[in-house]
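Here the structure comes first, spelled out in structure tokens, and everything after it is commentary.
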Amino acid sequence: MRTSSKWEDIRLILHYTGKIIIGVAALDLIPLATALASGEYASAVDFLLSFGAALTLGAGLSAFGVTTRRPGWMHGMVTAGVSWLVAMVVAALPYWLSGHYRGYLDCMFDVMSGLTTTGIVLIQDLDHISDSLNMWRHLLTFVGGQGIIVFALALFADGTGGGYGFYVGEGKDERLFPSVLHTAKAIWRISILYLVIGTAALWIAGMVIGLSPARAFLHGLWIYMAAWSTGGFAPMSQNILYYHSDLFEVITFLFFTVGSFNFALHSAVLRGDRKELVRNIETLSFGTTLSLLTFVVCAGLIKLHVYPDIVALVRKGFYQLASAHTTTGFMTVYPRQFATEWGDVAVFALIVAMLIGGSACSTAGGFKGLRIGILFKAIVQETRQMLRPNSAVVVQKFRYHGTKILSAQQVRSAALIVLMYVVIFAIATLAGCLAGYPLLDSAFESASVTGNVGLSIGISNTAMPAGLKIVYIFNMWAGRLEFMAILASLGFVSAIFKKRSI
Amino acid sequence: MSQFSTRVRTVPIISGIVAELVFAFALGLVGCLISVAAVLFMGI
């Protein structure tokens with residue numbers, strides 16, 4: 001990158017952040033239309049104000065930073081980190097205007113929870129909020145799952161140089177096509193295809209259980225958005241338990257599992273390469289850890305006689321585990337049941353599942369099955385190396401969109417990301433303990449926010465200390481962006497103080 | 001020759017910046033007007 005002043009760098013970052021905020025402003029139009037269609041005129045004014053304010057800020061930042069320079073890799077990374085924080089502040093305005101929150105921090109918490117597809121909420125009286133506010137909540141988690149930068153790239157990109165930096169900064173590193181712009185559009189095409197199928201399936205399921213066609217459609221749309229993006233939001237405070245429907249549970253399980261798979265895998269399967277589905281290291285890793293942890297959860301629940309029969313055991317145990325492992329956060333039990341009924345063994349398995357998470361380049365969080373698979377292959381390679389003469393060269397292969405040879409760089413990168421996840425998980429656990437919560441409860445909630453899951457053991461509520469809310473917001477942000485954009489942003493701030501350009 | 005090539009390169013860049021600025025200011029103005037209208041609606 002050519003040398004330039006730090007001021008030029010800041011302007012460039014603000015310019016692209018402004019464009020992303022204009023994209024966030026455009027999103028306000030959907031709940032605005034919902035409010036007008038539902039006759040919720042007070043909410044319509046809230047969204048009108050939020051739209052105007054976001055548009056003004058986005059346009060202001062964009063105009064302020066207009067420059068002839070093209071963004072480089074680092075500009076993209078820093079913009080990714082910064083824009084998520086600015087989007088959090090901007091998108092919180094409709095929440096605050098709704099009157100369902102105790103303060104702006106709670107609003108920002110819920111926005112970050114939505115955008116990062118975590119799913120923990122601090123909203124008050126969720127069961128009686130307007131349709132337009134529900135639309136906003138679920139829209140944030142749907143767009144956040146694909147990535148707000150992927151959304152902005154699909155809307156505004158013109159083959160911008162440095163686009164790959166924006167894309168990777170948002171925690172995605174798999175190009176479906178050589179061009180980032182085509183990749184962003186392909187991700188949205190895949191999501192919209194499933195949107196139609198998923199909403200239709202849940203709409204029918206809603207009518208089968210007795211909801212009116214209009215309610216069934218809205219609930220189906222919102223639940224689909226939360227399932228596909230592995231977000232875990234639901235329009236009712238009882239989450240999926242509200243529906244008391246095995247049909248709903250089966251459909252949501254299918255969509256959140258499919259949503260947790262790599263977009264490149266979706267692309268390969270849609271192109272007809274179905275073998276990739278059963279050979280890919282991520283799906284093998286996911287299948288293996290899900291099976292092992294199902295066994296542990298069931299053993300823990302059987303030991304304590306939590307459920308009266310095997311059907312209830314599998315229905316409750318497997319659903320919560322799959323929801324945890326795909327980092328969705330849908331629940332068919334009450335939060336305090338984890339602490340008071342499930343016991344340490346089952347809760348431990350859920351914590352492990354939440355930390356592992358779903359696939360790379362998907363809507364899921366956690367440190368991802370790909371990295372577990374790579375680390376497992378590295379252990380196998382090391383073991384094979386030990387059993388052979390020193391001069392022998394052991395080559396370890398794995399299948400990940402083609403056959404790959406395991407490299408030291410891949411192992412180091414996977415190990416570092418897992419290590420950073422464990423560090424911020426430990427910090428949030430410690431913060432929970434310092435706030436006075438038991439260790440297991442703190443670890444559970446910490447794993448949930450760090451892995452962008454959304455299952456709660458009851459810690460996350462509006463009464464928890466503000467410091468803990470800020471720690472959880474940071475973990476959701478860092479966990480979703482997989483640290484690179486965070487480290488780049490910190491490096492950028494450091495460069496500013498040291499008067500260097502990036 | 002060098003003057004000619006400089007003009008060819010510079011004009012589109014400058015007009016691109018002007019277009020971006022005009023577009024951003026127009027969006028900002030629309031955003032301001034909408035915000036003010038919404039605040040007035042809230043007052044009613």
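Proteins come first, then strands; the chains are lettered A, B, ... in the order of their sequence lines, and each starts at number 1. Just so we're clear, the structure is a prediction, and the values are computed from it rather than from any experiment.
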Checklist line | Validation row, ring centre A:Phe109 to ring centre A:Trp96 under 6.0 Å | finding: no
When the 4.5 angstrom heavy-atom criterion is applied to A:Leu57 and chain B, the contacting part is neither
Within a reach of under 6.0 Å around OH of A:Tyr104, are more than 12 heavy atoms found that belong to other residues, nucleotides or ligands?
yes
Distance col, row A:Ile187:CD1 vs A:Ile192:CD1, nearest 0.5 angstrom, shows 12.5 Å
*Apply side-chain contact (heavy atoms from CB on, under 4.5 Å) to A:Thr67 and A:Glu8, showing your working.*
CA-CA 8 Å; A:Thr67 169; A:Glu8 282 254 304; 4.1 Å; yes
Cut-off 4.5 Å, heavy atoms of chain B, and the answer for A:Val66 is side chain
So, the part of A:Tyr41 with a heavy atom under 4.5 Å from chain B: the answer is neither
